[in-house]
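Heads up, the thing below is written out as structure tokens.
Each residue takes its place number in the sequence, starting with 1.
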Amino acid sequence: MMQFDQAKAIWAHLRSRVEITTLAVALLVAAAVWAFVSLAGEVVEGDTTGFDTTILLAFRSPADMSDPLGPPWLEELGRDLTALGGTGILVMITVFVALYLLFSGKRRSMWLVLAAIGSGQMMGRLLKMGFDRPRPDLVPHGSYVYTASFPSGHSMMSAIVYLTLATLVARVEPRRRVRAYLITCACFLTILVGVSRVYLGVHWPSDVLAGWTAGAAWALGWWLVAQWLEAHGAVDPEEGSDEITAEAAAASFEHSSGDKAHAEPSGRS
């Protein structure tokens, strides 16, 4: 039993030096940034044309390229889903969550959420202006558009808003199952919004992929910022963590060792 306690204390000490979750998230951020840069390079050079055209036309009826696949209700559902990535909906959701954090007494987490999403919105606009890619012209658009195509603003902002809200709000949610549920819902919504943009013919598939990677990198990057700020006492601490810290494990080991040391002499007397 003593060897097990020692191993647990050593493992906890190593985790305190290099937080495995933080390292994994940092690697995911780096991978997402690399994917976006690589994809952007392919788009600029025109190497995604064949891929984009094949996927875009796959969502169209072979008999009439102006008609999306499926019955009329499916096309209407596509419009409903794409609205979940629209500016109006995302602003309302952000405000509602910010007010929830405010009324819950988590004012610093509220400002963190607003900073993450507000700065992400500005980044998305700058990327669109920088690449200035034309919208698809192979099929009629199923939704009104007024900005450049790359990266997909709906895909990127849905990833930024839903994933940022899920990861940052999950920090102050004590139940692990609820945390997993929040993040799963955020990923599901982000995927649906992106697919709907291609289905409606308003984005190339590479636009959506770029939006997903950029948005995911932004959301996970702000999670790392939240971890750093928490370590410096600048945001509300993460709740519900059942991880054993090095200090707690060491203290537990020393306490149990001390109890045994006191118990042994009493047993001899």
Side-chain angles (χ1 to χ4, degrees), residues 7-8 10-44 47-48 51 109 112-113 115-124 126-127 130-131 150-152 155-173 176-191 193-194 205-246 249:
K8 186 187 291 185
I10 292 173
W11 170 246
H13 178 69
L14 291 175
R15 289 202 59 176
S16 70
R17 293 296 183 90
V18 180
E19 178 59 46
I20 295 178
T21 302
T22 302
L23 179 60
V25 172
L27 291 175
L28 286 175
V29 172
V33 171
W34 176 83
F36 176 82
V37 172
S38 299
L39 184 57
E42 295 292 321
V43 168
V44 171
D47 295 335
T48 62
F51 166 79
S109 292
L112 183 65
V113 166
I117 294 176
S119 58
Q121 175 70 21
M122 290 188 290
M123 182 192 69
L126 290 175
L127 287 174
F131 288 100
F150 186 91
S152 167
S155 301
M156 180 175 170
M157 285 311 303
S158 62
I160 288 177
V161 172
Y162 294 130
L163 293 179
T164 296
L165 292 179
T167 54
L168 296 185
V169 173
R171 294 182 62 261
V172 294
E173 168 56 52
R176 181 165 294 197
R177 288 185 178 180
V178 177
R179 294 183 183 186
Y181 172 75
L182 290 172
I183 295 174
T184 300
C185 287
C187 294
F188 185 63
L189 286 173
T190 300
I191 292 173
V193 170
S206 56
D207 299 337
V208 172
L209 291 175
W212 283 341
T213 55
W218 196 260
L220 293 174
W222 272 94
W223 183 88
L224 293 175
V225 171
Q227 294 296 100
W228 183 84
L229 291 175
E230 179 189 332
H232 291 77
V235 295
D236 305 297
E238 184 173 358
E239 296 182 10
S241 176
D242 55 0
E243 302 292 343
I244 301 177
T245 62

Could you give the distance from [atom1] ([X]) to [atom2] ([Y]), rounded to the nearest 0.5 Å?
X      : Y      : atom1 : atom2 : answer
Thr48  : Phe150 : OG1   : CZ    : 8.0 Å
Leu163 : Leu182 : CG    : CG    : 11.5 Å
Ser155 : Ile191 : OG    : CD1   : 10.5 Å
Trp218 : Ile117 : CH2   : CD1   : 12.0 Å
Leu27  : Leu220 : CG    : CG    : 11.5 Å
Leu209 : Met156 : CG    : CE    : 14.0 Å

Fill in: Phe51 atom CZ, over 12 foreign heavy atoms within 6.0 Å
yes
What heavy-atom pair brings [X] and [Y] nearest, and what distance separates the two atoms?
X      : Y      : result
Gly215 : Ile160 : CA-CG1, 3.5 Å
Ser206 : Leu39  : O-CD2, 3.4 Å
Ala217 : Ala32  : CB-CB, 3.7 Å

Discussion item. Donor-acceptor check, side chain of Thr213 to backbone of Ala210, threshold 3.5 angstrom: yes or no?
Written reply: yes
Discussion item. Treating Ser119 as the side-chain partner and Ala116 as the backbone partner, does any N or O pair qualify as donor plus acceptor under 3.5 Å?
Written reply: yes
Quick one: does [X]'s side chain get under 4.5 Å of [Y]'s, heavy atoms only?
X      : Y      : result
Val225 : Trp222 : yes
Leu165 : Val113 : yes
Phe131 : Val43  : no

Item to complete: Kindly determine whether Leu189 and Ser158 satisfy side-chain contact (heavy atoms from CB on, under 4.5 Å), including the steps that lead there.
Response: CA-CA 8 Å; Leu189 286 173; Ser158 62; over 6 Å; no
Worksheet item: Under the side-chain contact (heavy atoms from CB on, under 4.5 Å) criterion, do Leu127 and Phe36 qualify, and how do the steps go?
Response: CA-CA 11 Å; Leu127 287 174; Phe36 176 82; 4.0 Å; yes
